[in-house]
Every structure is written in structure tokens, then in C-alpha cells.
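To start, the structure itself, in C-alpha cells.
Nothing here was measured: the structure is a model prediction, and the numbers come from that model.
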Amino acid sequence: MRISISGSRPGAFAAALAALAWCSAGYAAPDPSSAQALTERYKQAIASPVRTDADRAEDARRKPLEFLQFTAVAPGMRVLDVSAGDGYTTQLLALAMGSSGSVWAQSPKARPGLVERLKLRPQENIMVTEKPFEDPAPADAPPFDLITLVYNYHDIAYLPVDRARMNKRLFAALKKGGHLVLLDHAARANSGTRDSKTLHRIDEELVVLELERAGFKLEQTSALFRNPKDPRDQLIFDMTMPVDNFALRFVKP
């Protein structure tokens with residue numbers, strides 16, 4: 001399946017192209033006007049043959065339907081996926097939006113997994129952008145409707161990155177009323193960044209504080225990714241139970 005960008009086309013034409021893209025993959029194009037229709041669209045995206053077996057193996061842990069519902073991503077959006085890694089989240093977002101939306105996959109240097117993913121399964125509504133974390137948004141991109149940063153804020157926290165500058169740049173890159181969705185592995189309360197490198201966890205309160213300092217307003221949290229039984233004192237890769245993850249959705253007032 002090959003998906004083309006059509007965000008600049010008139011609305012009716014863009015909708016027709018989006019429908020064609022879905023039907024060509026054997027799907028019925030859902031009406032994007034309701035939450036139920038969006039949920040159906042998300043399910044079709046998750047079931048897309050474009051996704052890899054490795055992606056599907058990750059789904060039980062990463063809960064892609066709940067993630068997409070929390071982002072409220074919709075056709076026609078412009079999205080920046082910060083620290084895109086191998087492209088699991090990037091591709092989900094691109095499939096959920098269809099041909100009328102675009103995703104910029106940011107990282108300081110594109111990982112081989114992302115390059116290989118797009119080589120084997122090209123998607124024209126995914127743009128790879130190699131930008132530093134302190135200046136993550138491409139200069140020629142329009143204001144974003146949505147920014148995602150999934151399970152990587154803790155990694156950025158132990159790198160030589162000025163997070164205050166990064167967060168201000170993300171705030172500036174987002175349109176008014178746009179959202180930033182951040183998921184990460186929960187550390188113990190009041191631990192700050194102490195466990196970011198050793199346990200790959202970060203203190204939720206610190207993340208909220210840092211993003212609010214940049215101008216974001218916390219709009220919603222989700223308990224769907226949490227596990228209150230996690231003692232939050234173990235390396236996430238050594239866990240024999242689900243990791244306690246927090247999910248935050250911020251808005252640009």
C-alpha cells in the first residue's frame with residue numbers, strides 16, 4: 001500500500017482520496033465525523049498489512065488502540081513524532097490519519113529500523129526529519145496539530161539535552177489548541193531523573209512540571225497504561241509484570 005499526501009487539496013477531493021486509499025487496502029472508509037467512526041478507523045489501521053510482525057508482537061504491551069484513542073488523531077492532521085525510533089508509533093499515526101494527514105518522524109539520526117521500514121513499505125505521508133532534540137521541528141513544517149513523545153522522555157533526560165529549550169520549541173511548533181501526548185515509564189515519586197538511565201524510568205511529576213513551565217497545560221491523564229502493582233524500582237527490561245506507564249495529554253492554550 002502506498003499512501004499519498006493530499007492535505008492541501010480541497011476537502012471533498014481529499015476525502016475521496018482518503019476513501020480510495022482505505023478501499024485499496026480492502027477496507028471500508030469510515031465517516032471521520034464521530035468518535036465511533038474514529039475508533040473503527042483506528043482498528044483498521046492496527047490491522048493494516050503494512051504493519052510488521054514485530055509491531056504486532058509489541059501490541060499487547062503498547063496498547064495501540066488505547067494509544068490512538070488518547071491522542072484523538074484524525075484525518076488531515078499534521079503530527080510530529082519526537083524520538084521516532086524504529087517507527088512503531090509513526091506508522092500507526094500515519095495509517096490512522098490516511099492520505100490527508102502527514103507525520104514527521106524526528107530523531108537526531110534516523111535509526112536503521114525506521115529507514116528499513118519505509119524502504120520495504122513506503123508511505124508518502126511519513127517524512128523523516130533528522131533534527132536535534134533541542135530544535136526538533138523542521139523549519140518548513142506547518143504548525144502541528146499533535147506532537148507525540150512516546151517512552152523516550154526518560155532517555156532524553158540523561159542525554160546532554162537542554163530539555164527546557166526542547167519543550168519551548170515544541171510549544172512554539174504546536175498550533176493553538178493543539179496537543180502534546182507523552183507516555184513514559186513511571187519512576188518512584190520525587191525521584192526526578194535519578195532512575196532515567198539506570199532503570200529507564202522518570203518521575204511523572206517532574207515531566208508535568210517541565211512541560212507546564214514551557215507553557216503547556218495538562219488536559220488529561222489515562223489510567224489505561226498503569227500498573228499499580230509495579231514497585232517502580234526495577235529496570236523495565238527485567239520486569240516480569242507489566243510496567244507502570246503514565247500517559248499525559250497537554251494542550252497549548
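- The backbone N or O of Arg201 lies less than 3.5 Å from a partner atom in the side chain of Ser196, making a donor-acceptor pair.
- Placement of Leu93 and Val115 in two distinct hydrophobic clusters is found when ILVMFWY residues are connected by side-chain heavy-atom separations under 4.5 Å, directly or transitively.
- At least one donor-acceptor pair under 3.5 Å links the side chain of Tyr42 to the backbone N or O of Val73.
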Show, in sequence, the C-alpha distance, side-chain angles and deciding distance for Ile46 and Leu65, and conclude whether the side-chain contact (heavy atoms from CB on, under 4.5 Å) test is met. CA-CA 7 Å; Ile46 294 164; Leu65 179 60; 3.8 Å; yes

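- The environment of Lys43 atom NZ is sparse: at most 12 non-hydrogen atoms of other residues, nucleotides or ligands sit within 6.0 angstrom.
- A cation-pi arrangement is absent between Lys217 and Phe250, since the terminal nitrogen or guanidinium carbon is not both under 6.0 Å from the aromatic centre and inside a 45° cone about the axis.
- Contact check on Arg213 versus Glu210 returns no salt bridge, with no Lys/Arg side-chain nitrogen under 4.0 Å from an Asp/Glu carboxylate oxygen.
- Met77 CE to Asn125 CG: the interatomic distance, rounded to the nearest 0.5 Å, is 14.0 Å.
- Judged by distance alone, the side chains of Asp195 and Tyr158 never bring a donor and an acceptor atom under 3.5 Å apart.
- A distance of 9.5 Å separates OG1 of Thr39 from CG of Leu68, quoted to the nearest 0.5 Å.
- Residues Val161 and Phe171 share a hydrophobic cluster, clusters being chains of Ile/Leu/Val/Met/Phe/Trp/Tyr side chains in contact below 4.5 Å.
- Within the 3.5 Å criterion, the main-chain N or O of Ala187 finds no donor-acceptor partner in the side chain of Ser191.
- Between Leu209 and Val207 the shortest side-chain heavy-atom distance does not fall below 4.5 Å.
- When the side chains of ILVMFWY residues are joined at heavy-atom separations under 4.5 Å, either directly or via intervening members, Tyr153 and Val208 end up in a single hydrophobic cluster.
- Between Tyr151 and His185, the ring planes lie parallel to each other; the angle is under 30°, not in the 30° to 60° tilted range.
- Taking 4.0 Å as the cut-off between side-chain N and carboxylate O, Arg169 and Asp135 count as a salt-bridged pair.
- In terms of modelled atom types and a separation under 3.5 Å, the side chain of Arg249 and the main chain of Phe70 share a donor-acceptor contact.
- Figure legend: cation-pi geometry between Arg226 and Phe246 absent, as NZ or CZ is not positioned both under 6.0 Å from the six-membered ring centre and within 45° of its axis.
- At a threshold of 4.0 Å, the pair Arg78-Asp145 does not count as salt-bridged, since none of the basic side-chain nitrogens sits closer than that to a carboxylate oxygen.
- Nearest heavy-atom pair across Ala94 and Gln123 is CB-NE2, 3.8 Å.
- Placement of Phe144 and Val251 in two distinct hydrophobic clusters is found when ILVMFWY residues are connected by side-chain heavy-atom separations under 4.5 Å, directly or transitively.
- Electrostatic pairing of Arg188 and Asp230 does not count as a salt bridge here, judged by no charged N lying under 4.0 Å from a carboxylate O.
- At a cut-off of 3.5 Å, with distance as the only test, no side-chain donor of Gln106 or Ser83 sits close to an acceptor on the other residue.
- Geometrically, Arg62 engages Tyr88 in a cation-pi contact defined by less than 6.0 Å to the ring centre and at most 45° from the axis.
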CA sep, side-chain torsions, deciding dist, call: Arg194, Leu199, side-chain contact (heavy atoms from CB on, under 4.5 Å): CA-CA 9 Å; Arg194 182 186 64 210; Leu199 304 183; over 6 Å; no

Run the side-chain contact (heavy atoms from CB on, under 4.5 Å) test on Leu182 and Val150 for me, step by step, so that the C-alpha distance in whole Å, both residues' side-chain angles and the decisive distance to 0.1 Å come before the verdict. CA-CA 6 Å; Leu182 188 150; Val150 180; over 6 Å; no

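- Within the 4.5 Å cutoff, the side chain of Ser107 has no heavy atoms near those of the Val128 side chain.
- Although no hydrogens or angles enter the test, the distance criterion places no donor-acceptor pair under 3.5 Å between the side chain of Asn227 and the main chain of Val243.
- Note that CG of Leu92 and OG1 of Thr148 are 10.5 Å apart. Values are rounded to the nearest 0.5 Å.
- Of all the heavy atoms in Asp86 and Gly113, the pair that sits closest is OD1-CA, 3.4 Å.
- With salt bridges taken as basic N to acidic carboxylate O contacts below 4.0 Å, one links Asp59 and Arg51.
- The hydrophobic cluster containing Leu218 also contains Leu149, counting ILVMFWY residues as joined when their side-chain heavy atoms lie under 4.5 angstrom apart, directly or transitively.
- Ion pair Asp55/Arg117 flagged as a salt bridge, since at least one NZ, NE, NH1 or NH2 atom sits closer than 4.0 Å to an Asp/Glu carboxylate oxygen.
- Listed for the Asp184 side chain is a donor-acceptor partner under 3.5 Å among the backbone atoms of His154.
- A side-chain N or O of Glu40 and one of Gln44 form a donor-acceptor pair less than 3.5 Å apart.
- The two residues Thr90 and Ala84 make their nearest non-hydrogen contact at OG1-CB, 3.5 Å.
- The main-chain N or O of Leu174 is found under 3.5 Å from a side-chain atom of Lys252 such that the two form a donor-acceptor pair.
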Go through it in stages, so that I can follow the logic: the residues are Phe216 and Leu180, the test is side-chain contact (heavy atoms from CB on, under 4.5 Å), and I'd like the CA-CA distance, side-chain angles, deciding distance and then a yes or no. CA-CA 8 Å; Phe216 290 100; Leu180 183 149; 3.7 Å; yes

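- The main-chain N or O of Ala110 is found under 3.5 Å from a side-chain atom of Glu130 such that the two form a donor-acceptor pair.
- For the atom pair Glu134 CD and Arg163 CZ, the distance stands at 11.0 Å (nearest 0.5 Å).
- Side-chain polar atoms of Thr89 and Asp81 form no donor-acceptor pair below 3.5 angstrom.
- Contact of the Arg41 side chain with the Pro75 side chain is registered, since non-hydrogen atoms from C-beta on lie closer than 4.5 Å.
- How far CG of Asn152 is from NE2 of His200: 10.5 Å, rounded to the nearest 0.5 Å.
- If you take CG on Asp162 and CD1 on Ile156, they are separated by 12.0 Å, rounding to the nearest 0.5 Å.
- Nearest heavy atoms, Thr193 versus Ala157: CG2-CB, 4.0 Å.
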